[in-house]
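Labels below follow one simple rule: chain letters A, B, ... track the order of the sequence lines, proteins then strands, and each chain is numbered from 1. Atoms considered below: every heavy atom in the structure, side chains included; atoms not considered: hydrogens, waters and symmetry mates. Just so it is clear, the structure is predicted and the values come from calculations on it, not from any experiment.
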Protein chains: 2
Amino acid sequence: MSKLTLKSVAKTLGVSTATISNAFNRPDQLSVALREKILSACAELGYFGPNKAAQSLRTGSSGIVAVILSDSLEYMVSDPVASQFLQGVTRELERHKLHLLLFSGSSANLDAISDFVDGFICYGAPRNLALIKQLAQSPKRVLTVDFDLPGRPSVNIDNEQAAYQSAKAVINKDDTVAILGLRLIDASDTRPVLDAPLWDNQSSIAHRRLDGYQRAMAEYDLILRPDYLWHIPESNQQFAQYAARSVLALNPRPTVLLCMSDLIALSAMREALQLGIAIPEQLKVVGFDGIDETLRYHPTLSSVWQFSDVKGEAAVRAFLSADNSPQLLPYQLKLGESS
Amino acid sequence: MSKLTLKSVAKTLGVSTATISNAFNRPDQLSVALREKILSACAELGYFGPNKAAQSLRTGSSGIVAVILSDSLEYMVSDPVASQFLQGVTRELERHKLHLLLFSGSSANLDAISDFVDGFICYGAPRNLALIKQLAQSPKRVLTVDFDLPGRPSVNIDNEQAAYQSAKAVINKDDTVAILGLRLIDASDTRPVLDAPLWDNQSSIAHRRLDGYQRAMAEYDLILRPDYLWHIPESNQQFAQYAARSVLALNPRPTVLLCMSDLIALSAMREALQLGIAIPEQLKVVGFDGIDETLRYHPTLSSVWQFSDVKGEAAVRAFLSADNSPQLLPYQLKLGESS
DNA sequence: CTGTTAGCGCATTCAG
DNA sequence: CTGAATGCGCTAACAG
């Protein structure tokens, strides 16, 4: 059994290549009966349709959309927020019969896959900044999520306003506030920001959130002391636990913890409870993202819910649409027992 | 600025297309000086190399390897074992300058991507069994991990023997044994197996492990009562917690818990401790997989370590090699405080 | 070292 | 509905 190509199949079925092609791609170009006959004959032969690589070369589109994660696959895969986003993406992609190519934001060559995909959905600024330049130059469609690229459509929430509201909801005028921030500076370990230069000031959601927190604090004339602002490189338990422990050891001890992710907030609460600190009496905590685990935890967490699966669906729709205007998605502040 | 193709670039640089092609693909076919000149000129023009889709059509290989997960991408989220495997895969793939296309085992059309990839690494039997048939028919290379496909190379550990040894290490002659199994039957909820038909008897690692457990039990003339064998659909905390609670409520209460994943074992230990059951005095627990979290937990867990990142690397090497013989990887039984 | 040529497998036109 | 023709962008072989 030699290679099954459109041409070879056409010959064995005794019809023209165009007819086979039409049977698969343009049902309106031939009678239902013939189409049925051809399709079943192909299935019989083991021919599953035109070669996608050739099709892609010919038509210029492959039906594959690349999602560029901000970091490595392993990291993303362990982050409930990212995976919820991916869930929405795959769901919406499926509706359009499109496929997903996951790509790591820490890889070097975007062009290794660039010719195979119809475009890019970029979830967070890629860790490897060289990718940003390549994306900027790409002739294909690029949609950014949680950050912006000049001239490209984007999907975001209003991080500054959301952070502001969440902070306003927990802070009182006599509070001591500490912030557990995510990816604020260019360091791969957990540490106080102090005077380290803030990273990538413009587009980072972390800085927009920080702005929001500080706006709320300013309204109470509270100032954020440098050692009360911590940088956490990744939203995971180990990093967060260390940061929480450090911050809770400060004197005076913070009475409010503003956390840039729910995972961080949960770790911080665990740590606080273990130290015998009462929540919310002695310490109020607010998170960001909205993950289900916070509802099962006791005390339940006050947080900004951003419905990442909906965001994923919206991202795909924005990617597919011709509209290039930036899109702001709704979020919701949900108060729990932690404030 | 029109399209940058190999031909157009060749014309503007005043050399032949073959020379451009060689500059990118076969450095030995032209002088270093010329190559340098061409490469920098291309960079200048914004031409990043030959179109990969065309290259793939022409050469028949794309440099992309598909990894088919047993289930959806989200499933992987909660599974540190799978992500450790992927970590090894990406690492080894990178060494060979290959790229990864993650694909869900619950999707329908394998052929949507089949023409774009050089082959498939299949991590666990795909949930959608139709994919298995398609894989069996594929002319491309297929490597299976943690299960077998007739005539295809595979990477496994000896699950039966590993389970046997782990059980032998904890069981004494007067013990009451319960088993928390993973994907034993075709049910999406946690429940005792009872007389439900075992699923996919041949190839499933779960059944190989069950065989091993039972061989160990047989050596002590212990019989496994039907309601002491539980099915858990996915290795996550919620399911495991429920199963553990149910099993610990049985009368007589088990004194040994054989768990088919570390995540399950950890959940079970948490549940037991919460019930005031002393480990290992009143209950001995053994897990499977070997994840770092078990080392941080107290009591530390006895388990079969299978080094999933190494397994990922081995999978890629086996995929790339011409050798089609099945490969058995080493594992290691590590005893902790839980037995 | 270079230029030419023939496809890789297909979609699309166009005349019949 | 068919059959032939063209080219998507490229590589490999060959003759120079």
Side-chain angles (χ1 to χ4, degrees), chain A residues 2-39 41-42 45-64 111-118 139-140, chain B residues 2-39 41-42 45-64 111-118 139-140:
Chain A
S2 65
K3 293 199 171 58
L4 255 23
T5 71
L6 184 50
K7 202 196 286 181
S8 77
V9 167
K11 200 186 303 179
T12 61
L13 294 193
V15 298
S16 95
T17 59
T19 305
I20 306 279
S21 174
N22 286 332
F24 281 98
N25 304 321
R26 311 199 321 196
D28 53 307
Q29 298 292 304
L30 70 176
S31 71
V32 180
L34 180 55
R35 182 174 133 90
E36 285 299 313
K37 206 185 77 182
I38 287 177
L39 256 34
C42 284
L45 284 173
Y47 179 73
F48 296 116
N51 181 295
K52 306 287 177 186
Q55 212 167 22
S56 150
L57 181 61
R58 179 63 234 253
T59 64
S61 94
S62 66
I64 300 182
D111 42 68
I113 58 150
S114 157
D115 295 325
F116 294 110
V117 303
D118 294 343
K140 313 220 168 185
Chain B
S2 65
K3 293 201 170 57
L4 255 23
T5 70
L6 193 142
K7 202 196 283 181
S8 77
V9 167
K11 200 187 300 177
T12 61
L13 293 193
V15 298
S16 91
T17 59
T19 304
I20 306 279
S21 174
N22 286 332
F24 280 98
N25 304 320
R26 312 198 325 197
D28 52 308
Q29 299 291 304
L30 71 177
S31 71
V32 181
L34 180 56
R35 183 174 133 90
E36 285 299 313
K37 205 184 77 182
I38 288 178
L39 256 35
C42 285
L45 285 172
Y47 179 74
F48 296 116
N51 180 296
K52 306 288 178 184
Q55 212 166 25
S56 150
L57 181 60
R58 182 62 235 248
T59 64
S61 95
S62 65
I64 299 182
D111 42 68
I113 56 149
S114 158
D115 295 324
F116 294 109
V117 303
D118 294 342
K140 312 219 168 187

Subject >> Evaluation steps, side-chain hydrogen bond (donor to acceptor under 3.5 Å, both in side chains), between A:Asn25 and A:Gln55 >> reply: CA-CA 11 Å; A:Asn25 304 321; A:Gln55 212 167 22; 3.3 Å; yes
Subject >> Residues within residues 20-29 of chain B bordering DNA chain D, heavy-atom distance below 4.0 Å >> reply: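 Nucleic-acid contacts, sorted: B:Ser21, B:Asn25, B:Arg26.
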To the nearest Å, how far apart are [X] [atom1] and [N] [atom2]?
X        : N      : atom1 : atom2 : answer
A:Phe116 : D:dG9  : CZ    : P     : 14 Å
B:Asn51  : D:dC8  : CG    : P     : 12 Å
B:Gln55  : D:dC10 : CD    : P     : 8 Å
B:Asp111 : C:dG9  : CG    : C1'   : 16 Å

For [X] versus [Y], what's the shortest heavy-atom pair and its separation?
X        : Y        : value
A:Val9   : A:Cys42  : CG1-SG, 3.8 Å
A:Ser61  : A:Asp118 : CA-OD1, 3.2 Å
A:Tyr47  : A:Thr5   : CE1-C, 3.9 Å
A:Val117 : A:Ser62  : CA-OG, 3.7 Å

Original post:
Counting N and O atoms only, with roles assigned by atom type, does the side chain of A:Lys52 sit under 3.5 Å from a partner on the main chain of B:Phe116, one being a donor and the other an acceptor?
Top reply: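 Here the side-chain-to-backbone pair does not exist.
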**OP:** Decide yes or no for B:Leu13 and B:Thr19: does some side-chain heavy atom of the first lie under 4.5 Å from some side-chain heavy atom of the second?
**Re:**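 Not touching, per the 4.5 Å side-chain cut-off.
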Original post:
Mind checking whether A:Lys37 and A:Leu34 have side chains closer than 4.5 Å, heavy atoms only?
Top reply: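 In short, these two side chains touch, coming nearer than 4.5 Å.
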Subject >> Residue whose nearest DNA chain C nucleotide is more 5′ - B:Val15 or A:Gly49 >> reply: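 Upstream on the strand: B:Val15.
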**OP:** Between A:Lys52 and B:Ile38, just flag the one whose closest nucleotide in DNA chain C comes earlier from the 5' side.
**Re:**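 Counting from the 5' end, the first nearest nucleotide belongs to B:Ile38.
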Within the sub-3.5 Å range, which N or O atoms of nucleotides 4-8 of chain C have a protein N or O partner, and how far apart are they?
residue	atom	partner	partner atom	Å
C:dG7	N2	B:Arg58	NE	3.3
C:dG7	N2	B:Arg58	NH1	2.8

Subject >> Below 4.0 Å: OP1/OP2 of C:dG9 and any side-chain N or O of A:Tyr47 >> reply: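 For C:dG9, neither OP1 nor OP2 has a side-chain N or O of A:Tyr47 closer than 4.0 Å.
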